[in-house]
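Quick notes on the structure that follows.
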Amino acid sequence: MGKTEQILNERIKELTCLYEVSSIIVNADAELLQDTLKAIANSLKKAFQYPDKTSITITNDKISTSSEESIQDTVTIYTNINIFNESRGKIIAHLSTSEFKKEDFLEEEQLLLDNVALKVGNMLERIEIQKNETSLKRQMERADRLSILGEITAGIAHELNTPLTNILGFSELLKSDVKENKKALTDLDKIIQNTIFSREVVKKLMFFACEMPQEMKRVNIIPNIKNAINLLDATFRKEQVKYIVKIEDEELWLRADPIQLTQIIFNLLMNAIYFSPKDGLVIIEAIQTKNNVILKISDEGDGFTPEALEKVFQPFFTTKPTGDGSGLGLSVVHGIVASHKGTITAQNKPNKGAIFTVVLPKS
Ligand SMILES: Nc1ncnc2c1ncn2[C@@H]1O[C@H](COP(=O)(O)OP(=O)(O)OP(=O)(O)O)[C@@H](O)[C@H]1O
Ligand SMILES: [Mg+2]
């Protein structure tokens with residue numbers, strides 16, 4: 001083969017490869033990224049001068065794939081894969097060292113790698129944007145559902161509040177009428193207790209729907225956090241759960257309703273304690289950024305099942321046994337956070353346990 005013919009041949013191989021890579025990318029399924037990258041690696045390999053002696057590896061922060069199963073002692077050239085202007089991966093071409101030196105790579109081969117990396121980077125960017133859009137859409141749907149639920153529950157709570165207060169009032173009155181009748185008195189007390197319990201549920205519902213009057217002011221939230229923790233100190237000890245507070249700032253100022261703030265922390269800590277194993281550690285953390293205060297409360301319990309993760313903020317969702325919980329704690333918290341124009345998220349920690357992150361705007 002003449003020299004010119006050989007060069008021409010290499011060019012054709014490179015162009016074929018670029019064309020192949022483009023069509024692989026066009027037909028790529030975001031769910032099968034590994035397969036797509038593998039196909040690209042195989043296509044690249046064929047475009048090199050010594051295809052049989054060349055292996056291609058494509059890696060990024062999540063995936064690594066190669067044209068060959070194992071790659072031993074080699075000389076390499078590589079190029080970076082940039083995603084959103086950040087180097088987030090590499091395409092590497094290997095030649096085995098026993099036969100080759102670095103000079104055996106052609107300049108065109110480096111260019112080809114650069115070219116393909118550009119295409120791969122674009123594809124990965126597109127996939128990432130798509131993923132973000134889907135998760136945003138899901139979040140919005142969930143927020144919608146919660147706010148509709150909020151309106152319904154607010155209505156019901158309102159309707160129930162008056163009759164419950166009446167039941168309570170008339171039962172008290174009746175008590176003085178049946179003073180002599182011991183049995184009737186104990187029955188009445190049961191009615192009264194149950195009514196008080198129901199009114200508490202209604203109160204929580206109204207909190208969830210933000211029907212409670214709010215008193216917003218500038219507060220340093222550190223005393224509030226400490227206060228909520230102190231209220232629960234005895235519970236922590238009784239349940240044999242440990243806790244640490246990680247707050248570096250002396251003061252953290254925020255526009256908020258101080259009572260509701262305490263309620264957020266109180267509810268999250270109550271859950272953390274309840275779901276903690278014996279000797280488990282609860283971490284309470286507060287930091288600030290330019291515009292927000294971020295609260296994190298985590299535990300070492302079992303964390304959430306996928307179903308729980310979807311539903312934790314819905315009123316009446318509970319995995320506690322009947323009688324232990326009403327499933328309203330987190331819906332109240334969600335309502336309060338929303339009324340402060342903040343956000344709250346529930347996640348599983350990578351190793352074990354649940355973590356709640358509350359972001360509250362400073363003003
Ligand atoms: N720290 C946590 N670890 C694991 N699961 C949790 C945690 N916090 C909440 N959950 C899940 O979310 C559910 C709802 O919590 P929420 O506080 O709203 O209600 P509850 O604690 O069950 O009842 P209530 O707060 O009314 O006493 C819980 O039953 C549980 O399944
Ligand atoms: Mg709770």
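Start at 1 and go down the list; that is how both ligands and their atoms are numbered. For clarity, every value in this text was computed on a predicted model and none was experimentally measured.
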Quiz item: Minimum heavy-atom separation for Ala117 to Asn80, with atom names?
Solution: CB-O, 3.5 Å
Quiz item: Under a 4.0 Å heavy-atom limit, does Ala354 contact ligand 1 with its side chain, its backbone, both, or neither?
Solution: side chain
Exercise. Group every Ile, Leu, Val, Met, Phe, Trp and Tyr by side-chain heavy-atom contacts under 4.5 Å, then state whether Leu295 and Ile229 land in the same group.
Key: yes
Self-check item: Ion pair Lys352/Asp302, N-O distance below 4.0 Å
Solution: yes
Exercise. Report the relative orientation of the aromatic rings in Tyr243 and Phe236; use parallel for angles under 30°, tilted for 30 to 60°, perpendicular for over 60°.
Key: tilted
Quiz item: Is ligand 1 less than 4.0 angstrom away from at least one heavy atom of Gly327?
Solution: yes
Quiz item: Counting each atom of ligand 1 from 1 as listed, which ones have a heavy atom of Thr318 under 4.0 Å away?
Solution: 20 (P), 22 (O), 29 (O)
Quiz item: How close does the nearest protein non-hydrogen atom get to atom 11 (C) of ligand 1, and which residue and atom is it?
Solution: Val312 CG1, 3.8 Å
Practice problem: Check Glu300 against Lys349 and note the closest heavy-atom contact, atom names and distance. | Solution: CG-NZ, 4.2 Å
Quiz item: Rounded to the nearest 0.5 Å, what separation is found between the NE2 atom of His94 and the CD atom of Glu68?
Solution: 9.0 Å
Practice problem: Tell me which one of Lys320, Lys311, His334, Glu300 gets a heavy atom nearest to atom 27 (O) of ligand 1. | Solution: Lys320
Quiz item: Among protein heavy atoms, which lies nearest atom 29 (O) of ligand 1, and at what distance?
Solution: Thr319 N, 2.8 Å
Exercise. Would you mind listing the cluster partners of Leu111? Hydrophobic ones only (ILVMFWY), side-chain contacts under 4.5 Å, chaining allowed.
Key: none
Quiz item: Are the side chain of Asn224 and the backbone N or O of Pro258 linked by a donor-acceptor pair below 3.5 Å?
Solution: yes
Practice problem: Anything protein N, O or S sitting under 2.8 Å from the Mg ion (ligand 2): count it and give me the total. | Solution: 1
Practice problem: Step through it carefully: locate the ring centre of Phe304, locate the ring centre of Phe356, and say whether they are under 6.0 Å apart. | Solution: yes
Quiz item: Heavy-atom distance under 4.5 Å between the side chains of Val241 and Phe275, does that happen here?
Solution: no
Self-check item: Options Tyr274, Phe275, Phe316, ranked by nearest heavy atom to atom 7 (C) of ligand 1, top entry
Solution: Phe275
Exercise. Using non-hydrogen atoms of the residue, decide whether Gly303 is closer than 4.0 angstrom to ligand 1.
Key: yes
Quiz item: Can you tell me which residue and heavy atom of the protein come closest to atom 26 (O) of ligand 1, and the distance to 0.1 Å?
Solution: Ser326 OG, 2.8 Å
Quiz item: For ligand 1, is any non-hydrogen atom under 4.0 Å from Phe304's backbone (N, CA, C, O), its side chain (CB onward), both, or neither?
Solution: side chain
Exercise. State whether the shortest distance between N or O atoms of Asn271 and N or O atoms of ligand 1 falls below 3.5 angstrom.
Key: yes
Self-check item: Donor on one side chain, acceptor on other, Asp73 and Thr97, under 3.5 Å
Solution: yes
Quiz item: Any idea which part of Asp299 is under 4.0 Å from ligand 1, heavy-atom wise: side chain, backbone, both or neither?
Solution: side chain
Quiz prompt | Close-contact set for ligand 1 against Leu330 heavy atoms, below 4.0 Å | solution = 9 (C), 12 (O), 15 (O), 16 (P), 17 (O), 18 (O)
Quiz prompt | For Tyr50, all residues meeting ring-ring contact (aromatic ring centres under 6.0 Å, His included), sequence neighbours excluded | solution = Phe100
Exercise. With heavy atoms of Phe317 as the reference, note each atom of ligand 1 found under 4.0 Å away.
Key: 13 (C), 14 (C), 31 (O)
Self-check item: With sequence neighbours excluded, residues passing ring-ring contact (aromatic ring centres under 6.0 Å, His included) with Phe266
Solution: none
Quiz item: Do Asp114 and Gln110 have side-chain N/O donor and acceptor atoms under 3.5 Å apart?
Solution: yes
Practice problem: Output yes when the distance from some N or O of ligand 1 to some N or O of Ser331 is under 3.5 Å, and no in every other case. | Solution: no
Quiz item: If you measure from each non-hydrogen atom of Phe356 to ligand 1, which part falls under 4.0 Å: side chain, backbone, both or neither?
Solution: side chain
